[in-house]
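Down below is the structure, laid out as structure tokens.
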Amino acid sequence: MAIPVPSRLLFIDGEWKEPVLKKRIPIINPSTEENIGDIPAATSEDVELAVAAARRALIRNKGSDWSTASGSVRARYLRAIADKIKVRKPELAKLEAIDCGKPLDEAAWDIDDVAGCFEYYADLAEGLDAKQKAPVSLPMDTFKSYVLQEPIGVVGLITPWNYPMLMATWKVAPALAAGCTAILKPSELASVTCLELGDICREVGLPPGVLNILTGLGPEAGAPLASHPHVDKIAFTGSSATGSKIMTAAAQLVKPVSLELGGKSPIIVFEDVDLDKAAEWTLFGCFWTNGQICSATSRLIVHESIATELLNRMVKWIENIKISDPLEEGCRLGPVVSEGQYEKIMKSIETAKREGATILTGGSRPEHLKKGFFVKPTLITDVTTSMQIWKEEVFGPVLAVKTFSNEEEAIELANDTHYGLGAAVISNDLERCERVTKAFQAGIVWINCSQPCFTQAPWGGKKRSGFGRELGEWGLSNYLNVKQVTQYISDEPWGWYQKPSRM
């Protein structure tokens with residue numbers, strides 16, 4: 001049965017508004033390649049309206065409606081949003097699956113995490129009240145000092161298509177908890193559930209302009225948002241190339257940015273492991289979200305003594321993965337998000353073959369699926385460090401494999417990348433795991449697993465994977481300014497200058 005996609009407008013100032021230029025973008029179901037609806041396409045004219053609405057909401061009634069309200073007031077809205085998301089979970093999960101192609105079970109898991117993230121930041125919003133006026137210890141008793149934590153202002157939130165609603169929430173929830181007002185610009189490739197968040201905000205009575213949602217193309221909507229003089233910060237998740245452009249635009253106004261960018265993360269598998277456990281975690285680390293995840297551990301670095309046996313087992317595990325329409329029961333790998341992404345992945349595989357690598361399994365469309373942007377899970381061996389498949393992010397279900405002979409070589413291979421988002425190590429020797437963890441040049445490390453992510457723990461990278469941290473208390477601090485307040489409390493004159501003899 002076809003799932004109806006709601007026809008929405010832009011969400012500005014608490015209302016649905018048609019784009020000024022009345023443009024729309026088609027929605028293509030990646031499983032069927034069919035047009036299933038369309039989304040509004042914002043341009044710079046709409047950005048102006050949304051920024052103005054967010055600015056009004058920030059200062060309305062001297063901020064008492066939102067930015068200077070107590071954290072407990074904002075928390076009530078965040079919890080109300082979470083409750084609505086729970087009620088609408090079945091619908092939202094299906095919309096996510098047909099919009100971006102991820103398996104329905106995975107999409108449902110994401111929606112649970114969306115609700116949990118709003119609840120978590122509701123708790124932190126309440127906690128902010130107790131942290132205000134935190135005293136600072138000073139060496140002089142003639143002064144006292146304290147710290148205020150205040151919202152950074154109007155923030156632009158630009159989010160990707162691989163976790164459409166969840167990664168939007170990673171930014172929206174802490175920004176709102178901090179007291180900021182926001183303009184969310186999701187990816188044009190998967191915006192449906194983000195627009196439904198606007199509908200939920202209306203239902204719970206979120207004050208107008210606190211959250212505005214602009215769907216549209218990056219150059220037409222994202223770029224003017226990033227460079228807008230009345231946007232106080234940009235938080236972006238996406239490609240390193242786009243992140244560089246956003247940084248350049250923000251630099252003209254000395255505007256803070258936080259960036260969560262690409263990755264080419266390693267997973268080291270030592271010789272002392274259970275091979276089936278290692279096989280499953282390695283495959284999960286690369287093929288979860290149809291391989292479209294910035295932290296994917298897409299470079300397998302395996303000890304030479306177990307490489308052949310591990311790869312043989314991985315091939316058997318791969319043959320058991322159900323590749324299908326995301327809505328089919330038991331689906332564990334759906335299509336990639338778009339035709340453009342499909343072609344990019346296939347080109348990367350062809351380049352690997354041309355450079356001398358071996359396609360051990362996969363590398364093509366599944367035979368039973370004639371429509372849709374499906375790519376078989378792919379293992380590539382005989383890889384050298386000079387190959388594109390080793391160096392560049394593919395963003396698809398493609399795993400490059402190299403062997404190593406000792407721990408030092410494994411670490412050198414793991415760090416042989418411009419990126420530094422995630423890294424994983426699998427070994428029963430926990431002392432070795434600790435050594436490798438310290439040696440990894442990455443913002444996130446997994447031991448004997450790959451990809452688990454918790455709202456309470458910080459998320460972010462280093463090198464060309466960006467900077468700043470999302471989630472946990474670190475995610476909230478992204479949207480807060482720290483203000484020092486110091487008071488002279490002595491009755492005595494300061495006495496630095498000589499008092500005039502005649503007054």
Side-chain angles (χ1 to χ4, degrees), residues 11-14 50-82 114 117-134 146-159 168-185 197-198 200-202 204-214 225 228-236 250 255-258 455-456 458 468-485:
F11 188 67
I12 300 175
D13 210 15
V51 172
R55 184 63 58 183
R56 286 194 300 271
L58 187 75
I59 62 175
R60 188 181 296 123
N61 293 326
K62 297 183 178 179
S64 62
D65 285 5
W66 192 255
S67 58
T68 64
S70 72
S72 61
V73 168
R74 298 192 294 270
R76 285 199 293 273
Y77 287 104
L78 296 182
R79 291 199 179 98
I81 291 170
V114 167
C117 191
F118 274 107
E119 290 174 332
Y120 175 78
Y121 282 105
D123 292 343
L124 291 196
E126 288 179 332
L128 268 179
D129 293 340
K131 291 181 178 180
Q132 297 294 17
K133 294 192 174 182
Y146 62 84
V147 166
L148 296 175
Q149 297 189 65
E150 300 176 336
I152 205 166
V154 173
V155 295
L157 313 174
I158 304 176
T159 58
T169 299
W170 282 16
K171 291 175 171 54
V172 169
L176 268 53
C180 294
T181 57
I183 301 98
L184 169 64
K185 209 300 278 183
L197 180 58
I200 289 168
C201 288
R202 286 195 72 190
V204 304
L206 189 72
V210 167
L211 177 63
N212 306 273
I213 303 170
L214 302 180
L225 179 62
H228 200 288
H230 295 147
V231 172
D232 299 303
K233 173 176 178 159
I234 294 290
F236 171 76
K255 180 184 304 185
V257 297
S258 52
T455 303
Q456 298 78 6
R469 291 297 180 267
E470 296 190 295
L471 302 181
E473 295 184 3
W474 301 267
L476 184 65
S477 66
N478 254 338
Y479 301 98
L480 290 168
N481 272 326
V482 175
K483 178 184 285 183
Q484 177 220 128
V485 180

Return yes if some donor-acceptor pair links the side-chain N/O of [X] with the main-chain N/O of [Y] below 3.5 Å, else return no.
X      : Y      : value
Arg55  : His230 : yes
Thr68  : Gly63  : yes
Glu150 : Val482 : no
Asn212 : Ala182 : yes
Asp232 : Val155 : no

Output every pair passing salt bridge (Lys or Arg N to Asp or Glu O under 4.0 Å) with a member in residues 60-74, not counting sequence neighbours, ordered by first then second residue.
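Passing the test, one end in residues 60-74: no pairs.
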Between Gln456 and Leu471, is a side chain to side chain contact (heavy atoms under 4.5 Å, CB included) present by the stated rule, with each step listed?
CA-CA 6 Å; Gln456 298 78 6; Leu471 302 181; over 6 Å; no
Does CD belonging to Glu473 count more than 12 external heavy atoms closer than 6.0 Å?
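No, because the 6.0 Å sphere around CD of Glu473 holds 12 heavy atoms or fewer from other groups.
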With rounding to the nearest 0.5 angstrom, report the [atom1] to [atom2] distance, [X] to [Y].
X      : Y      : atom1 : atom2 : result
Leu176 : Thr181 : CG    : OG1   : 8.5 Å
Asp13  : Arg56  : CG    : CZ    : 4.5 Å
Leu58  : Ser67  : CG    : OG    : 4.5 Å
Cys201 : Ile81  : SG    : CD1   : 4.0 Å
Leu206 : Arg76  : CG    : CZ    : 13.0 Å
Leu157 : Lys233 : CG    : NZ    : 9.5 Å

Among Leu225, Leu214, Ile12, which one satisfies side chain to side chain contact (heavy atoms under 4.5 Å, CB included) with Val51?
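For Val51, the side chain to side chain contact (heavy atoms under 4.5 Å, CB included) test succeeds with only one of Leu225, Leu214, Ile12, which is Leu225.
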Nearest atoms (heavy-atom pairs only) where Ala122 meets Ala75
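Nearest heavy atoms, Ala122 then Ala75: O-CB, 3.3 Å.
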Compare every heavy atom of Gly71 with every heavy atom of Asp129, then report the nearest pair and how far apart it is.
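Smallest interatomic distance, heavy atoms only, reads OD1-N, 2.8 Å.
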Starting from the C-alpha separation in whole Å, work towards a yes-or-no answer on side chain to side chain contact (heavy atoms under 4.5 Å, CB included) for Ile213 and Ile183.
CA-CA 6 Å; Ile213 303 170; Ile183 301 98; over 6 Å; no
Show your reasoning for whether side chain to side chain contact (heavy atoms under 4.5 Å, CB included) applies to Phe118 and Thr169.
CA-CA 7 Å; Phe118 274 107; Thr169 299; 3.4 Å; yes
What verdict does the salt bridge (Lys or Arg N to Asp or Glu O under 4.0 Å) test give for Arg79 and Glu126, after you've listed the backbone C-alpha separation in whole Å, the side-chain angles of each residue and the deciding distance to 0.1 Å?
CA-CA 11 Å; Arg79 291 199 179 98; Glu126 288 179 332; 3.0 Å; yes
For Tyr77, check ring-ring contact (aromatic ring centres under 6.0 Å, His included) against everything at least two apart and list the hits.
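Trp66.
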With sequence neighbours excluded, residues passing ring-ring contact (aromatic ring centres under 6.0 Å, His included) with Phe11
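ring-ring contact (aromatic ring centres under 6.0 Å, His included) list for Phe11, sorted by chain: Trp16.
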Working for side chain to side chain contact (heavy atoms under 4.5 Å, CB included), residues Ser258 and Lys171:
CA-CA 10 Å; Ser258 52; Lys171 291 175 171 54; 5.9 Å; no
